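Each remark here refers to the structure printed beneath this line.
None of these values were measured; they are calculated from a predicted model. Scope of the values below: all heavy atoms of this structure, side chains included, with no hydrogens, waters or symmetry mates. In what follows, chains are A, B, ... by sequence order, proteins preceding strands, each numbered from 1.
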2 protein chains.
Amino acid sequence: MTPNATDSLIQLDTSSLVDKVEANLVKLLVERKLKVGDIIPTELDLSRSLGVSRTVVREALLRLRMMGLIDTKKKKGSVITSPDIFGIMSKSMNPHILDQDTLREIFELRLVLEIGMADLLFQRITPKDIEELKEIVKSEPDTAKDHIFHIDHEIIFHGKLYEIAGNETLKRFQKMLLPIFDYVHNSGLLKKPAQIQKFVSHKGLIDILENGSPELFRNGMRNHLENHFLRIFG
Amino acid sequence: MTPNATDSLIQLDTSSLVDKVEANLVKLLVERKLKVGDIIPTELDLSRSLGVSRTVVREALLRLRMMGLIDTKKKKGSVITSPDIFGIMSKSMNPHILDQDTLREIFELRLVLEIGMADLLFQRITPKDIEELKEIVKSEPDTAKDHIFHIDHEIIFHGKLYEIAGNETLKRFQKMLLPIFDYVHNSGLLKKPAQIQKFVSHKGLIDILENGSPELFRNGMRNHLENHFLRIFG
DNA sequence: GTTTAGCATTATGTATAACATAATGAGACT
DNA sequence: AGTCTCATTATGTTATACATAATGCTAAAC
C-alpha cells in the first residue's frame, strides 16, 4: 500500500448521545456485576447523573429493554432480567419481511439442528420420554398409506424431541424457526415440489432412541428429513 | 374445570401506545409490500397521521431500527432494510451478562451446528475449498505432539467450514456463538477439565470431505469434538 | 459549462416542561 | 389484623423549542 493523505486521520466518533448512554449503562451492568432482580436508578436519576436529558436516557433504556437486559415496570423502575436472546430476534422473524435468501437459509438451519442434536437427546432422554413419544405417534395417521404430509404432527413430534434435548435455548430457537420453516415449506420458494414419501418414520426414530446410538439417530433423522433435503438440493 | 368468576372476563389490552404504533408500522411494511430501499414517512408525518406524539413514533421507529427493519438517516428519513436477525441478537450476546445456564446451552448449540451441517458441506464444497482447507491445516502445529488445545486454529478451520456450507445465516450465527464458546471454554463454568486429546484431526476431517460421505463426516466431526462433549456430559 | 462555495431547507437528534397513569406503600379507619 | 383511601413516585405521553447534519439549490468562480 502506498501512503496517502488519509492515513493520519483518526476515526472520529459519530455515535449519538443515546449510543454513548447505552454503552455506559451496559458497562455499568457488567462492572457492577448486577444480578437479576437488582434495580437500576430511575430515569430522572440517570438523566441527572449522566448529564443528559431524560429523553436520551429513555431511548437508551428502551434499547436495553429490547435486548432483554431489563424489564421496566411503572413506579418500580427498571430491574435487571436475564436476557432472552431469542425473544428479541423473534420479533423480526416475520416471513413477510425477511428476504428469500434468508428464508431459505433458515429452512436449512432447522434441518441442521435436528440432525446435530442427537448426542444431547441420547444423553438426556428418559424412559418416560420414550413413552410420551410413543403416545404422540399413536395418534398420528398412517402416513405410509395416505401419503399426506402432516405438518402438525411433525411439529408435535419434533417439538417433543427438542424438549428432550434439554436445551432451552435450542428449544426456543426451534420454536422461532418452525413458523418460518412452515412458511417456506408451503410457499413456492423452493423450486422442487414436496415429496410425500417418508423414508424413516417417527416410529423408526423412536426405535433408534430406544435401542440405538447417537450415530444411528443422526443417520435416521437425516433420512427422515430426506424430503426436505431433496427440496433444497434437488 | 369448574366455572369461576373470572371466566367471563376478557383479556384487556395492556399494551402501551408505543406497542400499538410499532405493530401498526410493521403491518404497514408487510401490507404495502415495501421493498428494501423504500422510504417511510417522516416522524412528523407519522405522528400526525397516527394521531400520537412524535415521541411515541420515535420510540416505535427505534424498535424497528433495533429489529433491523429500517435504517434511519438524518434528513432522508427511514429506509427499509433487510433485517439482520443475528446482528440484533449479537448486541445482547455479552458473556458477562448472560446467565450460566444460557452460556452452557450456547456452548452446546455450537456443537450441534457443527455436526448437523454435514449435508450442506458436501453439497456445496468445491475442489478449491479442499485446497484451502489443506493450506489451513498446513500452518497448524502438530497437535498430536505437543498436546495443546489451539483455539485460534480451531476458529480458522471451523470458520472455513461454515463458509463452505454456503449459508450466510448459519455463518453469522456461528460468528456470534464463537466468542461465547471460547468464553465458556476458558471459564470455570464446565466442571470437567478440558482434555487435550484430539481423536479425529482436522486432517482427518478433510480426508472425509474429499473421499467420504455426509454420514462419515457427521461421525468424524462428532469424534473431533469429543473433548468438548466430554466436558458437558462427563 | 462545470465546479465549488455557501446558504436555505428539512428531518432527525436532544432538551425541557408539563401532565397522565398506574403501582406502591403508608396511614386512617373499622 | 384487615382493608380502604390517598399521597407519593416513577414511568408513559404530549408539546414545544432548538441543535445538528444531510440534502439540494443557487450563485460565484474558474
How close or far is atom [atom2] of [N] from atom [atom1] of [X], stated in whole angstroms?
X     : N      : atom1 : atom2 : result
B/L17 : C/dC19 : CG    : C1'   : 15 Å
B/K73 : D/dA21 : NZ    : P     : 14 Å
A/E59 : C/dG13 : CD    : P     : 8 Å
A/D71 : D/dT11 : CG    : C1'   : 13 Å
B/L62 : C/dA11 : CG    : C1'   : 16 Å

Worksheet item: If you draw a 6.0 Å radius around CD in B/Q100, do more than 12 non-hydrogen atoms from other residues or ligands fall strictly inside?
Response: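 No - once you tally the heavy atoms of other residues, nucleotides and ligands closer than 6.0 Å, there are 12 at most.
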Worksheet entry | Residues in contact with DNA chain C, drawn from residues 41-53 of chain A - heavy-atom cutoff 4.0 Å |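 Per residue number, the list reads A/V52, A/S53.
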Discussion item. Measuring from the side chain of A/R65 (C-beta onward, heavy atoms only), which nucleotide among D/dT13, C/dG13, D/dG12 has the closest atom?
Written reply: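 Per side-chain heavy atoms of A/R65, the pick is D/dG12.
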Item to complete: For the side chain of B/R58, starting at C-beta, report the closest nucleotide among C/dA15, D/dT14, C/dG13.
Response: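 The listed nucleotide nearest to B/R58's side chain is C/dG13.
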Discussion item. Strictly below 4.0 Å, N to O, side chains only: are A/D19 and A/R63 in salt-bridge contact?
Written reply: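 Looking at A/R63 together with A/D19, the answer is yes, because their closest N to O distance falls below 4.0 Å.
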Discussion item. Closer than 4.0 angstrom, basic N to acidic O: yes or no for A/K138 and A/E135?
Written reply: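 Looking at A/E135 together with A/K138, the answer is yes, because their closest N to O distance falls below 4.0 Å.
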Worksheet item: Just wondering, do A/T102 and B/E168 contact through their side chains at under 4.5 Å, heavy atoms?
Response: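 In short, these two side chains do not touch, never coming nearer than 4.5 Å.
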Worksheet item: Are a donor atom and an acceptor atom from the side chains of A/R231 and A/H185 found within less than 3.5 Å of each other?
Response: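 Yes, A/H185 and A/R231 have a side-chain donor paired with an acceptor closer than 3.5 Å.
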Practice prompt. Verify whether one side chain among B/E154 and B/H202 offers a donor that lies under 3.5 Å from an acceptor in the other.
Written response: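 Short answer, yes.
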Item to complete: Map B/T72 and A/R54 onto DNA chain C by nearest heavy atom, then report which one ends up closer to the 5' terminus.
Response: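 The answer here is B/T72.
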